[in-house]
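As structure tokens, the structure follows; a few thoughts come after it.
Because only heavy atoms are used, hydrogens play no part in the values below, and waters and symmetry mates are left out as well, while side chains stay in. Nothing fancy with the numbering, it's 1 onward along the sequence.
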Amino acid sequence: VQLQASGGGLVQAGDSLRLSCAASGRTFSNYAVGWFRQAPGKEREFVTAINSGGRFTYYADSAKGRFTISRDNAKTTVYLQMNSLKPEDTAVYYCAVATRYRGLLVKDYDYWGQGTQVTVSS
């Protein structure tokens with residue numbers, strides 16, 4: 001599975017962004033997908049995830065109420081809608097695929113995209 005994240009950019013606090021994660025591979029619809037982020041000097045952290053069918057979603061406390069994950073299996077793409085962005089959301093955002101569900105940690109995901117930079121100015 002190859003993943004391509006896009007949609008990052010420089011925005012002001014309170015703005016919105018939508019990230020996309022385009023995947024290759026016919027089995028994409030069988031896999032859970034997660035978004036993680038890594039700020040400078042910090043460890044990569046979980047943001048949100050969605051199961052293979054799109055029925056179940058999971059959010060970090062920092063993302064609840066502001067971020068929404070969704071997927072379009074026909075387009076083999078997962079989206080991350082981010083609203084009410086804060087400076088502390090500044091990070092490189094990565095999408096990742098779990099070929100089988102094990103959890104919401106970095107180590108539980110098997111394939112990773114290259115990341116897209118999100119910068120939120122105050």
Side-chain angles (χ1 to χ4, degrees):
V1 178
Q2 292 186 324
L3 304 171
Q4 180 75 38
S6 62
L10 172 63
V11 297
Q12 293 186 334
D15 285 350
S16 298
L17 275 178
R18 189 176 81 156
L19 306 184
S20 298
C21 176
S24 64
R26 293 175 295 175
T27 56
F28 173 78
S29 62
N30 294 336
Y31 302 149
V33 178
W35 284 96
F36 293 76
R37 67 186 183 186
Q38 188 166 17
K42 295 187 177 181
E43 293 188 350
R44 194 169 299 188
E45 65 177 7
F46 169 75
V47 177
T48 180
I50 189 167
N51 78 319
S52 58
R55 181 177 180 184
F56 299 104
T57 56
Y58 311 86
Y59 294 93
D61 287 344
S62 59
K64 288 179 182 176
R66 299 188 301 126
F67 294 2
T68 303
I69 189 171
S70 61
R71 67 188 297 161
D72 185 338
N73 284 339
K75 295 182 178 179
T76 64
T77 301
V78 171
Y79 304 98
L80 177 59
Q81 177 66 43
M82 304 188 295
N83 299 328
S84 303
L85 283 162
K86 305 175 181 179
E88 50 264 43
D89 294 319
T90 295
V92 177
Y93 283 71
Y94 299 88
C95 58
V97 158
T99 55
R100 61 182 180 89
Y101 180 77
R102 294 184 291 271
L104 301 175
L105 301 177
V106 170
K107 67 178 180 66
D108 297 323
Y109 285 74
D110 305 295
Y111 299 96
W112 292 81
Q114 86 291 358
T116 185
Q117 176 71 48
V118 172
T119 303
V120 184
S121 63
S122 57

Are [X] and [Y] connected, step by step, through hydrophobic side chains (Ile, Leu, Val, Met, Phe, Trp, Tyr) whose heavy atoms are closer than 4.5 Å?
{"X": "F46", "Y": "L80", "result": "no"}
{"X": "V106", "Y": "I50", "result": "no"}
{"X": "L104", "Y": "V33", "result": "no"}

Applying side-chain hydrogen bond (donor to acceptor under 3.5 Å, both in side chains), which residue pairs with at least one partner in [range] are found, sequence neighbours left out?
{"range": "residues 113-122", "value": "Q117-T119"}
{"range": "residues 46-56", "value": "none"}
{"range": "residues 82-94", "value": "S16-N83, R37-D89, R37-Y93, R66-D89, Q81-N83"}

Q. Considering residues at least two apart in sequence or located in another chain, which fulfil the side chain to side chain contact (heavy atoms under 4.5 Å, CB included) criterion with A39?
A.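 Scan of A39 (side chain to side chain contact (heavy atoms under 4.5 Å, CB included), adjacent residues dropped) gives K42, A91.
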
Q: Go through L19 and V118 one step at a time and tell me if the side-chain contact (heavy atoms from CB on, under 4.5 Å) criterion holds.
A: CA-CA 9 Å; L19 306 184; V118 172; 4.1 Å; yes

To the nearest 0.5 angstrom, please state how far the [atom1] atom of [X] sits from the [atom2] atom of [Y].
{"X": "R18", "Y": "M82", "atom1": "CZ", "atom2": "CE", "answer": "11.5 Å"}
{"X": "T76", "Y": "Y31", "atom1": "OG1", "atom2": "OH", "answer": "12.5 Å"}
{"X": "R44", "Y": "L105", "atom1": "CZ", "atom2": "CG", "answer": "13.5 Å"}

By the salt bridge (charged side-chain N to carboxylate O under 4.0 Å, His left out) test, which pairs, at least two apart or in different chains, include something from [range]?
{"range": "residues 111-122", "answer": "none"}
{"range": "residues 92-106", "answer": "R102-D110"}
{"range": "residues 2-17", "answer": "none"}

Q.
So, using salt bridge (charged side-chain N to carboxylate O under 4.0 Å, His left out) as the criterion, who are the partners of K64 when residues are at least two apart?
A.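 D61.
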
Q) What pair of heavy atoms forms the shortest contact from D108 to A98, and how long is it? A)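 Looking at all heavy atoms of both residues, the shortest contact is O-CB, 3.6 Å.
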
Q | Pairs meeting criterion disulfide (SG to SG under 2.5 Å) with involvement of residues 45-82, two or more places apart | A |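 As it turns out, there is no disulfide (SG to SG under 2.5 Å) pair with a partner in residues 45-82 once direct neighbours are skipped.
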
(Q) Enumerate the disulfide (SG to SG under 2.5 Å) contacts for residues 66-122, please, sequence neighbours excluded, ordered by first and then second residue. (A)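 Output for this query lists C21-C95.
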
**Q.** Pairs where residues 47-84 contributes a residue and the test ring pair (Phe, Tyr, Trp, His ring centres under 6.0 Å) is met, not counting sequence neighbours
**A.**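 Every candidate ring pair (Phe, Tyr, Trp, His ring centres under 6.0 Å) pair involving residues 47-84 fails, so no pair, neighbours aside, qualifies.
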
Q: Scan for ring pair (Phe, Tyr, Trp, His ring centres under 6.0 Å) pairs involving residues 100-119, sequence neighbours excluded, and state none if there are none.
A: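 For residues 100-119: F36-Y109, F36-W112.
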
